[in-house]
Amino acid sequence: MSNKSTPDNQNSDTSTEAKRILTGIKPTGIPHLGNYVGAIRPAIESIQNSDHEAFFFLADYHGIIGCYDPAIIHESTRAIAATWIACGLDPERVTFYRQSDVPEIPELAWILNCSCAKGLMNRAHAYKAAVDINTEKADVDPDQGVTMGLFGYPVLMAADILMFNATHVPVGRDQVQHIEMARDIAGTFNHRYKSLFTLPSAVVDNDIPLLTGLDGRKMSKSYSNTIPLFGEPNPQVSPEKQMHKAIMKIVTNSQLPDEPKDPDDSAIFEIYKAFATAEEIADMRARYAAGIGWGDAKQALFDKINDEVAPFRARYEELMANPKELEEILQMGADKARRHSRKQLDKARRAIGIRPLAKLK
Ligand code: TRP
């Protein structure tokens with residue numbers, strides 16, 4: 001059963017209309033199991049079983065806010081695009097594009113900047129967190145290291161969303177504030193000029209598991225504790241072996257084989273749950289109680305994940321080896337996206353008084 005919520009103060013007024021779902025993925029790392037379970041798999045599934053319109057995009061202009069390494073931006077754009085397609089995203093069904101291929105988005109962001117109070121941005125969590133860290137140190141400017149990109153991040157995100165009049169925006173909990181800000185900015189514009197932008201609702205899926213990483217902390221590239229989904233580009237070790245090796249590194253307690261173990265205190269079991277059926281989970285609980293050895297528990301986890309992921313590997317490798325095919329897919333997505341964005345930007349410009357003085361033949 002799904003347990004999706006839109007925050008209370010965001011009663012969507014679009015319930016009778018078709019949904020337009022939109023979400024962005026920042027290309028600043030190689031996809032890992034946490035990304036797969038938390039974002040990729042649920043997004044693809046939610047689209048397959050519905051007739052909603054969907055816009056998924058690589059938020060590369062958001063990526064450069066926190067990542068100054070051009071090779072990482074480039075490589076992870078390629079790996080993330082290949083991952084989504086390999087995992088079953090249908091680029092004919094979904095508008096799948098790269099943010100930077102739609103120049104109308106940053107143009108709209110500028111227009112929205114002029115309908116966004118600076119004070120609203122002062123309250124953004126990411127900005128406040130950066131200032132708090134600086135304030136704790138002596139003799140450091142509160143804004144040290146804060147770029148205008150970081151400060152205005154929610155405005156670019158509002159442009160991503162409002163450009164396509166998205167109604168539903170699936171995001172992690174940390175992003176809900178940004179959707180509220182997009183509503184706020186849209187409201188200011190609509191009130192000041194004309195009602196052009198749909199107010200979007202955040203969709204937070206409470207059923208989506210947050211995976212634990214190899215060291216017991218949340219799985220995250222910032223902790224270097226991830227299990228890669230398809231493996232790092234490394235021709236010496238096959239992607240399957242890389243995954244096996246990573247799983248064998250999951251930290252456990254020092255209980256011996258045959259000692260009964262608590263499944264609810266085990267990262268191995270927690271990840272297993274994200275891939276197994278209810279019956280398989282119950283079965284594995286019994287094996288923990290009966291004292292399964294950690295090595296066997298890890299092997300069972302690997303087998304389970306590998307069953308699901310192995311069929312996608314060949315397609316991933318093929319796309320990674322053939323950037324031309326990927327680029328064509330992204331350009332097709334950009335064409336589709338721009339059919340909307342050109343019109344929407346034109347409307348926004350006209351609303352604020354920017355239009356040709358006369359028609360020239
Ligand atoms: N900020 C989002 C993140 O860090 C990525 C993102 C950019 C996004 N633009 C978006 C998500 C628009 C939803 C809608 O995860």
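What's counted below: heavy atoms across the whole structure, side chains too, no hydrogens, waters or symmetry copies. When a ligand or atom number is given, it counts from 1 through the structure's own listing order.
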Open item on the list: Applying the side-chain contact (heavy atoms from CB on, under 4.5 Å) criterion to L58, which one of D101, I73, L330 satisfies it?
Closed with: L330
Task: Those atoms of ligand 1 less than 4.0 Å from some heavy atom in T23 - done: 11 (C), 13 (C)
Open item on the list: Taking distance alone, with N or O pairs closer than 3.5 Å, would you say D160 contacts ligand 1?
Closed with: yes
Open item on the list: Counting non-hydrogen protein atoms only, what is the nearest one to atom 1 (N) of ligand 1? Give residue, atom name and distance.
Closed with: Y153 OH, 2.6 Å
- [ ] Begin from the C-alpha positions of M163 and H340 and carry the test side-chain contact (heavy atoms from CB on, under 4.5 Å) through to its verdict.
- [x] CA-CA 8 Å; M163 177 60 91; H340 295 270; over 6 Å; no
Task: Matching residue for F164 among F197, F56, F57, Y97 - test: ring-ring contact (aromatic ring centres under 6.0 Å, His included) - done: Y97
Task: Residue selection (non-hydrogen contact nearest atom 10 (C) of ligand 1) among Q99, K26, M157 - done: M157
Open item on the list: Under 4.0 Å from a heavy atom of V169: which atoms of ligand 1 are those, numbered in the order shown and with their elements?
Closed with: 13 (C), 14 (C)
TODO: Please state which part of Q175 comes within less than 4.0 Å of ligand 1, counting heavy atoms only: side chain, backbone, both or neither.
DONE: side chain
- [ ] Of the side chain and backbone of F57, name the one, both, or neither that has a heavy atom under 4.0 Å from an atom of ligand 1.
- [x] side chain
Task: Quiz item: cation-pi between R41 and F275, 6.0 Å / 45° - done: yes
Task: Numbering as shown, the atoms of ligand 1 that approach A59 to under 4.0 Å (heavy-atom distance) - done: 7 (C)
Open item on the list: Can you report which non-hydrogen protein atom sits closest to atom 5 (C) of ligand 1, along with the distance?
Closed with: G24 O, 3.6 Å
Task: Short side-chain to backbone donor-acceptor contact, K261 and I292, under 3.5 Å - done: yes
Open item on the list: Consider side-chain contact (heavy atoms from CB on, under 4.5 Å). Of E318, Q331, R78, which one does L326 pass it with?
Closed with: R78
- [ ] Provide the number and element of each atom of ligand 1 under 4.0 Å from a heavy atom of H62.
- [x] 7 (C), 9 (N)
TODO: Please test K26 against D60 for salt bridge (Lys or Arg N to Asp or Glu O under 4.0 Å), starting from the C-alpha separation and ending with a verdict.
DONE: CA-CA 6 Å; K26 258 193 312 191; D60 51 354; over 6 Å; no
